[in-house]
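Some notes on the structure that comes next.
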Amino acid sequence: MFCCIPGGWQLSKERKQPTFFVVVLTDIDSERHYCSCLTFYEAEINLQGKEVEGEEESGLIPPAEVFAPKSLVLVSRLDYPEIFRACLGLIYTVYVDSLNVSLETLIANLCSCLVPASGGSQKLFSLGAGDRQLIQTPLHDSLPVTGTSVALLFQQLGIQNVLSLFCAVLTENKVLFHSASFQRLSDACRALESLMFPLKYSYPYIPILPAQLLEVLSSPTPFIIGVHSVFRNDIHELLDVIIADLDGGTIKIPECIHLSQLPEPLLHQTQMALSLVLHPDLEAADYAFPPPRTALSHSKMLDKEVRAIFLRLFAQLFQGYRSCLQLIRIHAEPVIHFHKAAFLGKRGLIENDFLTKVLNGMAFAGFVSERGPPFRACDLFDELVAFEVERIKAEEGNPPKIIKHVRELAEHLFKNENPNPHIAFQKVPRPTEGSHLRVHILPFPRINECRVQELLQEGLSRSQGAPPATRGDKKCVVPAGPPVVSIMEKGSTVFNSAQRLEVVRNCISFIFENKFLETEKTLPAALRALKGKAARHCLTQELGLHVKQNRAILDHQQFDYIVRMMNCALQDCSSSEEYSIAAALLPLTTAFYRKLAPGVSQFAYTCVQDHPIWTNQQFWETTFYSNVQNQVRSLYLSAKDDNHAVQLRQKVGEYIIK
């Protein structure tokens, strides 16, 4: 397997230290497999002229001075790198120190170990070589487990560079790390992906790319990939890839890439919060009498504090997202559509290319599919976006309160990875110091597969009476949270005040009462008021009240006035509008008409059909989904309970359970 030695198989003249790293492989079903690789070097004999790394002289090298790499590889769907490091290290220790333990026994005990279900469970186990090891599962599978990788990424690249990479992966750009350490590559990719939570990365994710697969870097799809720095000269010619040098602390963004940034004020708020956590002394650096030096949190807690800041960011970014979910099918499986245009319009970010790209990306599509159902297991993000957004807004500009909230969230994240404060004593024998430098070490023995299978069957038969505990996540109705509001801290404009709305209502009343003199006086003011969204909503509501049995016969003067107001409203419905105005006017245009001659009628839609909104495919799709959702609501909710959407969520939940 070339993934075991990503840099290529090469002989060495030196006895190198054993190394460990984790390679991530993804199968055809998008399931990840974690390959833990421990590589050591053995003395090589009978070379017969093989090329040696670093050799300057021609000819054969004495066999005693040449060493070949050999790898112990553990492949698992479980992501427990430290446990696998200890297990492979123990197998190597037994071999290199010639301990009186069968390697077949160690391997069989490892493969027959039953890992407990998530939920904070612990399991003590031993491979049979005087070791005592502990598997600690997280409380929630949905929350990433990062250890110290996020804090390390910020230490390597700095705040601004990591934020640029964060925006790059969210907007589906190609990101490439390079480092002289394979383990640093794995940690960096893990950290960057975890910052996306609650979104999940759905493109190629290859923390360690083998040398034989460098051509993958020319793939047209976005990716997160890591390569060894020995290939740095081969990657700098890539024109559409953002390259991060973990060892040098720099990133390179090609000129052809326009990197969309977080919208303000979220960008400034995130930078400030990260600075408070990572550089706590910066605020008091200029004080004449600075307070005692503030110590950084320990690395694991610092890691969680940084992640907490990004959790707060996503809670603000996606505030009220549930109010824009459209349930368009319940049985046999719920199908949920997200009204992107409405969300962008209400957030005041119609022209923001960053959030537009995020909502159009595959990661957000997966987010809607996974978190859209109204009855499911909830986690920390669901609680944060439903109940804490107002607190986050109120605390902006108050560093002590920001730090307090960040640390509260960090405690939750830390407890998720370390749910048991009293960790049992662990013991894993290590190889004696300098053991890899010994001259007379026998080659790693060939494993007896039949013996391993026998021992494995014995171990599994002993554990059949005690199956692993299963833990079903508790499902509940997902809290809807606050409504969608503009991201900018601005009060509502005076343009759509109650007086302006009253002008629109009066004008429509005058039209239907045939008071044309009063109509002529109020119409200019009404048309100006229709520049505002609230006034356009008022227009659709008032016209709907005058529709009788889906038909409203107008005389010529009334028809001209109504069409003029409809055109004015539609004129300001851009293609990025939330479509609610055009959708509400659509049935009205087929309801109002006038008689041109006996048997000849003209409907209002013939006079408003030139607006670009009618050629927008997303408008028709969204309008269709809205109508379907309304019919679903009418089917499952009585008129009396129409405002109680929780009952609909419960019914959907029943179907999901069935």
Side-chain angles (χ1 to χ4, degrees), residues 22 24-34 77-81 118 137-147 149-150 153 162-163 165-175 177 186-207 219 221-226 262 303-304 306-318 321-322 324-325 333-338 340 343 354-373 376-385 409 412-413 416-417 473 478:
V22 179
V24 180
L25 303 178
T26 306
D27 62 23
I28 194 172
D29 297 320
S30 298
E31 295 291 335
R32 289 185 182 176
H33 301 259
Y34 301 91
R77 288 193 177 96
L78 303 176
D79 186 17
Y80 293 104
S118 63
T137 63
L139 284 175
H140 301 282
D141 277 337
S142 61
L143 295 177
V145 176
T146 56
S149 61
V150 172
L153 181 64
V162 175
L163 283 177
L165 295 179
F166 172 74
C167 293
V169 294
L170 285 182
T171 54
E172 300 188 344
N173 286 283
K174 303 175 185 178
V175 174
F177 292 101
S186 293
D187 290 341
C189 293
R190 175 191 293 267
L192 184 58
E193 186 186 34
S194 68
L195 292 179
M196 294 178 61
F197 178 82
L199 302 180
K200 293 183 178 179
Y201 196 71
S202 54
Y203 288 104
Y205 174 83
I206 312 173
S219 166
T221 63
F223 55 66
I224 297 177
I225 291 180
L262 285 166
D303 181 276
K304 307 304 174 284
V306 172
R307 285 178 53 194
I309 292 172
F310 282 86
L311 260 181
R312 286 163 47 98
L313 168 63
F314 274 111
Q316 292 176 278
L317 202 61
F318 292 162
Y321 80 94
R322 300 202 65 82
C324 294
L325 295 173
E333 291 184 358
V335 176
I336 296 174
H337 175 261
F338 186 76
K340 299 173 187 175
F343 184 78
F354 173 81
L355 191 54
T356 301
K357 291 178 180 178
V358 171
L359 298 186
N360 290 330
M362 287 184 63
F364 189 78
F367 173 85
V368 172
S369 176
E370 180 181 344
R371 294 183 176 267
R376 56 172 172 79
C378 295
D379 58 22
L380 182 59
F381 173 75
D382 295 303
E383 298 175 6
L384 191 64
V385 76
L409 295 175
H412 286 287
L413 295 172
N416 179 68
E417 297 182 20
D473 290 329
V478 181

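Throughout, residue positions are numbered sequentially from 1 according to the sequence presented.
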Practice task
Locate the shortest heavy-atom distance separating E417 from T146; write the atom from each residue and the value.
Solution key: OE2-N, 3.0 Å
Practice task
If a pair satisfies salt bridge (Lys or Arg N to Asp or Glu O under 4.0 Å) and one of its residues is in residues 190-199, list it, with sequence neighbours excluded.
Solution key: R32-E193, D79-R190
Practice task
Could you pull out the closest heavy-atom pair between V150 and D303, with the gap in Å?
Solution key: N-OD2, 2.7 Å
Handout entry: Flag side-chain contact, heavy atom, 4.5 Å: L153 against D187
Key = no
Completion exercise
Minimal heavy-atom distance between A308 and L413, with the atoms involved, is N-CD1, 3.9 Å
Exercise for the section: Indicate the ring-plane relationship of F381 and F197, choosing parallel, tilted or perpendicular according to the 30° and 60° boundaries. Expected result: perpendicular
Practice task
Report the relative orientation of the aromatic rings in F367 and F318; use parallel for angles under 30°, tilted for 30 to 60°, perpendicular for over 60°.
Solution key: tilted
Exercise for the section: List for me each residue that meets salt bridge (charged side-chain N to carboxylate O under 4.0 Å, His left out) alongside D382, sequence neighbours excluded, and say none if there are none. Expected result: R371, R376
Practice task
State, with a plain yes or no, whether a side-chain heavy atom of Y205 is found less than 4.5 Å away from one of V24.
Solution key: yes
Problem - Within 6.0 angstrom of K357 NZ, more than 12 heavy atoms from elsewhere - result: yes
Practice task
For the residue pair P144 and R307, establish whether any side-chain heavy-atom pair is separated by less than 4.5 Å.
Solution key: yes
Problem - Minimum side-chain heavy-atom gap R312-L409 below 4.5 Å - result: yes
Handout entry: Shortest non-hydrogen contact from I225 toward C189
Key = C-SG, 4.4 Å
